[in-house]
Participant: 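The structure under discussion is supplied below as structure tokens; questions concerning it will follow.
We use all heavy atoms of the structure for the numbers below, so side chains are in, but hydrogens, waters and symmetry mates are not.
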Amino acid sequence: MSKQCDLKLNEPVLSSRVVPRWQRKELEKSKSSRPTSKSNSNNASFSSQSNVSSTFGESFSGPAESRKTPCKLPSLTLNMPYKTTNLDGTPKKKVSSSLKNQNKVGTPKKLSKSREGKRSTHTTPSCDRFIPPRSGNNFENSGFELLNDEDESKDSPTTRRYKDGMKQNLNIGQQPKILNMKNKAPVPAMNLLNTQSKVLFAQSGGQVNRKASARAIPQTAWRVLDAPDVNNDYYLNLLDWSVTNYLCVALNTSVFLWNAGSGDIMELTEHTSQVASVRWSPIVPEIVAIGDYNNKVCLWNIEKQSLVRVMAGHTDRVSSLAWNEYILSSGSRSGQIFHHDVRVSDHHVATLVGHDLEVCGLAYSKDGKYLASGANDNKVMVWADRETTPLHTLIEHSAAVKALAWCPTSKNLLASGGGTQDRQICFWNAAHGTLQHTVDTGSQVSSILWSKNTKELVTGHGYSQNQLTVWKYPTMTRLAELTGHQDRVLQLAMSPDGSTVVSLGADEALRLWKIFDCETEKKTKRSDKSRSTSSKLSMNCR
């Protein structure tokens with residue numbers, strides 16, 4: 001019986017069906033749990049052979065010639081000897097248990113045929129699908145235009161202007177993104193820049209050259225004063241600093257004085273109308289001139305706190321004043337300029353006619369030879385002493401000119417600044433009436449002040465940055481950008497020593513800035529004194 005069983009086990013088994021792999025694994029597990037003796041293994045092999053045949057209804061009997069398809073069952077290989085040589089006869093290398101465990105851990109499991117089939121049939125594409133950008137599409141505006149049946153050609157000019165303004169305010173037909181991190185901010189349209197609107201975004205005025213100045217300029221104001229009820233009007237001159245260190249500021253109908261030395265504040269007067277301009281006398285420092293909306297110029301004595309004189313003659317408000325010794329020049333909204341001699345009873349000595357609109361800027365040269373006037377007609381006129389017709393008419397600006405300043409070191413050099421639509425600083429040779437060069441500041445220029453000690457100047461600006469800019473002359477490089485005002489800067493004034501600049505803003509604040517250094521003037525005085533003493537010593541030695 002054992003011989004017959006051995007013959008059957010060693011012979012190939014033919015079957016009409018192939019045993020699935022999972023059933024073969026189950027048979028291996030069941031046999032591995034049984035004893036591994038030779039007799040038991042033979043019996044187990046035989047019993048497993050019979051179980052498999054009975055399960056599938058297959059017969060293992062019959063001659064070997066009639067079996068066609070061999071089937072390699074796991075039970076048939078249990079009694080087969082382990083081969084220790086390769087096909088070429090060389091001995092096989094023994095693999096340690098650690099390597100076997102490492103191979104078991106590191107080798108990934110193979111997927112079943114069913115999973116391999118699913119993976120091959122359902123393949124994932126190597127690239128993502130294309131999603132078109134829709135940032136430039138304005139679907140709301142497009143839908144509105146499709147449903148809008150109104151004929152805009154029949155609208156009146158007023159309605160068209162109203163619709164254009166609404167489109168600009170609602171950003172219709174323009175770039176949909178207000179903030180763009182890649183490109184610079186767009187330059188605001190010229191029709192949006194006016195004295196009543198605020199610009200939300202604009203290109204910066206320029207980069208500050210830190211290497212051009214060896215000294216450090218403080219970026220914040222060292223003192224801030226309140227200026228309630230200040231008149232937010234670009235064409236008025238409401239601020240001035242006297243040689244005796246008194247600051248005069250006009251707030252609506254009142255005029256206040258601030259003693260910069262002691263810090264005391266005093267209300268000088270309260271007019272029946274609004275104050276349009278103030279200016280200190282350079283010869284008599286206790287006298288201040290005040291121009292108002294009643295077309296009058298008043299002289300006040302601050303020590304006695306009394307009204308000295310009232311000079312009438314203008315037909316509209318007096319918005320600008322300038323002193324030349326005892327001659328007081330006043331500019332009106334009518335476009336006329338009056339010369340008043342305060343020493344005589346008949347004060348009106350001359351009338352200058354040349355401007356068509358309001359005169360908002362007046363400034364005398366250091367030697368008093370020339371008078372510069374700027375007006376709302378975008379013109380700058382240079383007047384010679386005692387002449388009633390302009391010597392030169394300068395028409396480079398494209399907006400109102402209020403900021404005027406004469407260079408303290410060059411008597412014929414005049415600087416002028418334009419309004420919102422111009423934004424330029426022009427430098428003129430007043431003797432010949434020629435333009436030397438211009439600088440685009442990027443914002444409205446409301447005031448210009450030259451430094452008394454260095455070749456620098458500071459400018460006050462309005463929309464859209466409301467800053468003070470310090471310039472190096474003649475290269476016109478930016479030394480500092482001083483910000484702090486929440487609204488446009490209306491006017492600037494300088495302290496007697498030339499170190500401090502005060503700015504009056506439409507945000508009802510007065511800010512004092514330490515911009516210029518007065519040590520230069522002290523050093524020059526010391527050097528002059530040392531030179532004089534050395535010269536005296538040399539004379540005595542002789």
Side-chain angles (χ1 to χ4, degrees), residues 223 225-231 236-314 317-331 338-349 362-364 366 368 449 452 490-504 510 512 518 521:
R223 189 161 187 176
L225 303 175
D226 291 332
D229 298 331
V230 65
N231 197 344
L236 305 184
N237 294 270
L238 307 175
L239 185 68
D240 197 20
W241 207 327
S242 72
V243 294
T244 56
N245 212 10
Y246 274 93
L247 183 66
C248 180
V249 58
L251 303 176
N252 201 0
T253 59
S254 302
V255 178
F256 289 89
L257 302 178
W258 178 66
N259 190 340
S262 62
D264 297 334
I265 300 175
M266 178 183 64
E267 184 178 2
L268 179 63
T269 179
E270 186 172 356
H271 271 53
T272 56
S273 65
Q274 293 184 0
V275 179
S277 58
V278 294
R279 185 60 64 94
W280 289 99
S281 172
I283 297 178
V284 186
E286 65 270 13
I287 297 297
V288 60
I290 301 173
D292 56 18
Y293 275 64
N294 286 336
N295 316 332
K296 297 177 183 180
V297 179
C298 303
L299 300 181
W300 281 80
N301 190 322
I302 64 169
E303 292 183 353
K304 299 179 181 180
Q305 297 186 14
S306 61
L307 178 63
V308 177
R309 191 171 186 177
V310 178
M311 296 177 291
H314 285 288
R317 69 177 183 181
V318 181
S319 54
S320 58
L321 296 170
W323 285 91
N324 183 16
E325 294 183 351
Y326 294 99
I327 300 298
L328 176 62
S329 300
S330 59
F338 286 179
H339 285 332
H340 308 274
D341 191 346
V342 298
R343 297 171 297 179
V344 297
S345 59
D346 191 6
H347 57 87
H348 188 190
V349 294
L362 288 175
Y364 273 100
K366 189 176 182 180
L449 293 177
K452 297 180 180 180
L490 297 174
Q491 198 172 357
L492 301 178
M494 186 177 289
S495 62
D497 60 354
S499 63
T500 306
V501 173
V502 60
S503 58
L504 175 63
L510 283 165
L512 285 83
C518 61
E521 187 177 4

Participant: Could you tell me whether the side chain of S277 and the main chain of L321 form a donor-acceptor pair under 3.5 Å?
Facilitator: no
Participant: Looking only at atom types and distance, does a side-chain atom of N301 sit under 3.5 Å from a main-chain N or O of S306, one as donor and one as acceptor?
Facilitator: no
Participant: Would you tell me whether H340 and S330 have side-chain atoms, one donor and one acceptor, within less than 3.5 Å of each other?
Facilitator: yes
Participant: With a 4.5 Å cut-off on side-chain heavy atoms, are F256 and M266 touching?
Facilitator: no
Participant: Taking C-beta and beyond as the side chain, do V275 and V255 meet within less than 4.5 Å on heavy atoms?
Facilitator: yes
Participant: Do you see a donor-acceptor pair shorter than 3.5 Å between the side chains of S320 and N237?
Facilitator: no
Participant: Specify the closest pair of heavy atoms between Y293 and S273, including all atoms of both residues, with the distance to one decimal.
Facilitator: N-OG, 3.7 Å
Participant: Given L247 and L239, is the side-chain contact (heavy atoms from CB on, under 4.5 Å) satisfied, shown in steps?
Facilitator: CA-CA 8 Å; L247 183 66; L239 185 68; 3.6 Å; yes
Participant: So, using side chain to side chain donor-acceptor pair (under 3.5 Å) as the criterion, who are the partners of S495 when residues are at least two apart?
Facilitator: D497
Participant: Of the non-hydrogen atoms in M494 and V501, which two are nearest, and what is the gap between them?
Facilitator: CE-CG2, 4.3 Å
Participant: Between L328 and L299, is any pair of side-chain heavy atoms under 4.5 Å apart?
Facilitator: yes
Participant: Run the side-chain contact (heavy atoms from CB on, under 4.5 Å) test on I302 and Y246 for me, step by step, so that the C-alpha distance in whole Å, both residues' side-chain angles and the decisive distance to 0.1 Å come before the verdict.
Facilitator: CA-CA 10 Å; I302 64 169; Y246 274 93; 4.2 Å; yes
Participant: Is there a side-chain contact between V502 and L492, using heavy atoms and a 4.5 Å cut-off?
Facilitator: no
Participant: Roughly how far, to the nearest 0.5 Å, is CG of L257 from CD of E267?
Facilitator: 9.5 Å
Participant: Which pair of heavy atoms, one from P285 and one from T244, lies closest together, and at what distance?
Facilitator: CB-CG2, 3.5 Å
Participant: Pair V284, W323 - check side-chain contact (heavy atoms from CB on, under 4.5 Å), show working.
Facilitator: CA-CA 11 Å; V284 186; W323 285 91; over 6 Å; no
Participant: Quick check for you: to the nearest 0.5 Å, what is the distance between M311 atom CE and N295 atom CG?
Facilitator: 14.0 Å
Participant: Can you check whether I290's main-chain N or O pairs, donor with acceptor, with K296's side chain at less than 3.5 Å?
Facilitator: no
Participant: Scan side-chain atoms only and decide if Y364 and S329 contain a donor-acceptor pair under the 3.5 Å cut-off.
Facilitator: yes
Participant: Tell me whether the count of non-hydrogen atoms from other residues, nucleotides or ligands lying under 6.0 Å of CD in E325 goes above 12.
Facilitator: no
Participant: Are the side chains of L504 and L238 in touch, meaning some heavy atoms are under 4.5 Å apart?
Facilitator: yes
Participant: Which atom names give the shortest non-hydrogen contact between A312 and H347, and what distance separates them?
Facilitator: O-CE1, 3.4 Å
Participant: Can you give me the closest heavy-atom contact between N245 and G261, atom names plus distance?
Facilitator: ND2-N, 3.7 Å
Participant: Would you please say whether a donor-acceptor pair under 3.5 Å links the side chains of Q274 and N231?
Facilitator: yes
Participant: Drop me the distance from T253's OG1 to E270's CD, to the nearest 0.5 angstrom.
Facilitator: 4.5 Å
Participant: Apply side-chain contact (heavy atoms from CB on, under 4.5 Å) to L307 and T269, showing your working.
Facilitator: CA-CA 9 Å; L307 178 63; T269 179; over 6 Å; no
Participant: What is the distance from atom CH2 of W241 to atom CG of L449, rounded to the nearest 0.5 Å?
Facilitator: 11.0 Å
Participant: Would you check if there is a donor-acceptor pair between the side chains of R343 and Y326 at a distance under 3.5 Å?
Facilitator: no
Participant: Mark yes or no for whether R309, through its side chain, and V342, through its backbone, hold a donor-acceptor pair below 3.5 Å.
Facilitator: yes
Participant: Should L510 and D226 count as side-chain neighbours, where that means a heavy-atom distance under 4.5 Å?
Facilitator: no
Participant: Rounded to the nearest 0.5 Å, what separation is found between the SG atom of C248 and the CG atom of L268?
Facilitator: 7.0 Å
Participant: Can you find a heavy atom in the side chain of V308 that is under 4.5 Å from one in the side chain of W300?
Facilitator: no
Participant: Taking the side chain as everything from C-beta on, heavy atoms only, tell me whether P228 gets closer than 4.5 Å to L251.
Facilitator: yes
Participant: Locate the shortest heavy-atom distance separating D292 from C298; write the atom from each residue and the value.
Facilitator: OD2-SG, 4.4 Å
Participant: Measure the spacing between CG of L225 and CD1 of I265 and express it to the nearest 0.5 Å.
Facilitator: 6.5 Å
